[in-house]
Amino acid sequence: MWPNSGFSDAFAGIHRGRFTKNYALACFDRTENAQESGRPMTMSVANIAEDASPMRGLLWLWVGVAIYALFLLAGNRLLIDPDTMWQITVGQWILDHNAVPETDIYSFTMRGQPWISTQWLAQVLYAKAYAVAGWSGPVVLAAGAITATFALLTNFLNRRLGESMTLVFVAAALALTVPHLLARPHVLALPILVAWVGGLIAAAERREAPSFWLLPLMILWVNLHGGFVFGLMLIAPVALDAMLGVDVKSRASLALRWAVFGVAALAASCCTPYGWNSLLASQKILALGGALPLIMEWRPVDFGSVGPFEICLLLGIGLALFRGVKLPPLRIVLLLGLLHMALSQGRAAEILALVAPLVLAAPLARQFGGVEASNSNAASNAAQPMRGVLLAGLPVVLVAGTLAYASVHRFEPHMRGSPVAAVAALKQLNLARVFNDYDFGGYLIANGVATFIDGRTELFGEKFFVDHNAASGLMQPENLFGLLEQYDIEATLMRTQSAATKLLDHIDGWQKVYADDIATIHVRKPGAVHSAEPVVDPKAK
């Protein structure tokens, strides 16, 4: 067919006035090689001068530059999660004490209970970045990790697929991950996710076991974020995919090599200050059961309104039906597993966005045609000196641009949802046992106020979290008064619009001492009479 023949390339070269000696040499070489191999002769041409441009094969670089510039300019968007504050606080504690936490020191309800921070290295990096450059530090650190993630993804895809299809996948991945791209530990682990999965998939495509040079990635991953468990779980299905692609006689040997790698990866995952307890901590998070759907990022996908996930999913299904995409059985299983995770937990959308393209790249390249390795290799060799200058100069430009922008732009957390004034008033009251809203926990830790509950859900457990949620939302009003009595609460710090706050306005023994648009403080005061009567509409039915 014309798109696969050399005639279309030749015609394009003539039309552009560039049918030079390079085309003739390429045609001759391809024809001569075809004659020697006994294959049918086709005319194939390549403009080596054009392919040797330093711009060729650097799609990953341009994508990385664009992503970095985007997230640097929108840097405050990375700081909208109050959990960033307590992550930095824990990181600074680790630096100050030259140790990792073993027990809780930030709440009064769980103080002294066993608690480990599986994200300790990410917390230290954020704390260091903050100490050096203020809030600009965490922004640049997170933006750099996001840049590395998409540069690695682009490089992997572009080695197998054309630039257009690569950019489609990258754009879809960006759309799905943007809601979860925050200055938090999981972002620092995303480049490792792509590199690890890419290494496993590449080994499977070569019908080989993964290189042991991947193991340092696992060691780094396990100290950055608990998502390393997904990397371990992925070894078995990818290994099975590799074994199905070799002859029966070779499967036993290949299975043994993958098994050895899997055991080595499991051992590498224990290379933390906590040893194998990091695995147990991840299990505690997954065992939270009924608490997970109550946390925004763990909730199942809601298709009540059209969003990026639905758009990408529908476009993907439509494209697969239109083009007749066919995948190997194990790749289908992997894809469906990733889709199930993303549908059942919103935060898993980033895993689907970054891993699914790695799974699909090779099958799509075989079915629809991929890049020509010979031409890209020739381009890389011919343009090596100019590429070196470009790769050396671009980081200097990015650093200079970052410093210039940071000098005129102030990065700061999103405080409109944080109880800044309320906490200042609370500190003047000198109270130790405060029943707080879940979302306020990060700000309280950062400001040295002991929490009732905070974002370390695995510490508090399923029942505690569910009871608190039912109390603050008045799904079970008796839970509120039960918790207030059980923990001898002296004051409450809740969102002004929460049901619990509205109820306490009408309860004797609790006095409102502070309120603004964000938070309200009620103090336990025997003899206090409620300040407002409940609104009763006699006409209501």
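This is a predicted model, so every value here is computed, not measured. Just the heavy atoms: all of them, side chains too, but no hydrogens, waters or symmetry mates, feed the values below.
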Sequence neighbours excluded, which residues qualify as side-chain contact (heavy atoms from CB on, under 4.5 Å) partners of I219?
N223, A268, C271
Determine yes or no for a side-chain-to-main-chain donor-acceptor pair under 3.5 angstrom, with T501 supplying the side chain and Q497 the backbone.
no
Between L279 and F228, is any pair of side-chain heavy atoms under 4.5 Å apart?
yes
Parallel, tilted or perpendicular, judged at 30° and 60°: which one describes the rings of W196 and W221?
perpendicular
Please check if the side chain of T84 supplies one atom and the backbone of A183 the other of a donor-acceptor pair under 3.5 Å.
yes
In this structure, are over 12 heavy atoms from other groups packed under 6.0 Å from D517 atom CG?
no
Find out whether the Lys NZ or Arg CZ of R456 is both under 6.0 angstrom from the six-membered ring centre of Y106 and within 45° of the ring's axis.
no
Closest heavy-atom pair, L78 versus V139, reported as atoms and distance to 0.1 Å, is CD1-O, 3.7 Å
Side chains of M85 and I445: closer than 4.5 Å at any heavy-atom pair?
no
Could you work out, with ring pair (Phe, Tyr, Trp, His ring centres under 6.0 Å) as the rule, every residue matching F435, not counting sequence neighbours?
F452, H468
Going by the rule side chain to side chain donor-acceptor pair (under 3.5 Å), which residues pair with T272 if we only count those two or more places apart in sequence or in a different chain?
S278
Taking all atoms of both residues into account, what is the closest heavy-atom pair of I521 and A425, and its distance?
CD1-CB, 4.3 Å
Is any side-chain heavy atom of L224 closer than 4.5 Å to one of L125?
yes
List the steps and the verdict of side chain to side chain contact (heavy atoms under 4.5 Å, CB included) for M494 and F440.
CA-CA 8 Å; M494 303 292 291; F440 293 163; 5.7 Å; no
For a 4.5 angstrom cut-off between non-hydrogen side-chain atoms, does L153 reach F169?
no
Identify the heavy atoms of W120 and P273 that sit nearest to each other, and give their distance.
NE1-CD, 3.3 Å
Between L59 and L157, is any pair of side-chain heavy atoms under 4.5 Å apart?
no
Answer yes or no: is there a donor N or O on one side and an acceptor on the other, between the side chain of N76 and the main chain of E412, under 3.5 Å?
yes
Could you pull out all residues at least two apart from T492 that satisfy side chain to side chain donor-acceptor pair (under 3.5 Å)?
none
Backbone N/O of A519 and side chain of D516: donor-acceptor pair under 3.5 Å
yes
Begin with the C-alpha distance, continue with both residues' side-chain angles, and end with the deciding distance and a verdict on side chain to side chain contact (heavy atoms under 4.5 Å, CB included) for H186 and E350.
CA-CA 10 Å; H186 73 279; E350 66 199 40; 3.5 Å; yes
Judged by atom type as modelled, is there a donor-acceptor pair below 3.5 Å linking the side chain of H180 to the main-chain atoms of G346?
yes
Would a distance-only check, ignoring hydrogens and angles, find a side-chain to backbone donor-acceptor pair under 3.5 Å from N447 to Y443?
yes
Side chain to side chain contact (heavy atoms under 4.5 Å, CB included) between D454 and F460, worked out
CA-CA 9 Å; D454 53 68; F460 298 93; 3.6 Å; yes
Side-chain (Y126) to main-chain (A142) donor-acceptor, under 3.5 angstrom
no
What residues form a salt bridge (charged side-chain N to carboxylate O under 4.0 Å, His left out) with D81, not counting sequence neighbours?
R184
Would you call the rings of H409 and F411 parallel, tilted or perpendicular if under 30° counts as parallel and over 60° as perpendicular?
perpendicular
Would you check, one step at a time, whether the test side chain to side chain contact (heavy atoms under 4.5 Å, CB included) holds for T166 with W60?
CA-CA 10 Å; T166 295; W60 63 271; over 6 Å; no
Mark yes when over 12 heavy atoms from residues, nucleotides or ligands other than H414 sit less than 6.0 Å from its NE2; otherwise mark no.
yes
All pairs passing side chain to side chain donor-acceptor pair (under 3.5 Å) where residues 307-321 contributes a residue, at least two apart:
none
Do R160 and F156 form a cation-pi contact, if we require the NZ or CZ to be under 6.0 Å from the six-membered ring centre and within 45 degrees of the ring's axis?
yes
Does any part of the side chain of Q92, heavy atoms only, come nearer than 4.5 Å to the side chain of Y130, both counted from C-beta?
no
Verdict with supporting geometry, Q87 and D83, side chain to side chain donor-acceptor pair (under 3.5 Å):
CA-CA 6 Å; Q87 302 284 1; D83 277 0; 5.5 Å; no
Do Y438 and S472 have side chains that get closer than 4.5 Å, going by heavy atoms?
no
State whether the number of non-hydrogen atoms from other residues, nucleotides or ligands found under 6.0 Å of R410 atom CZ is greater than 12.
no
Considering only heavy atoms from C-beta outward, does the side chain of L444 approach that of W86 to under 4.5 Å?
no
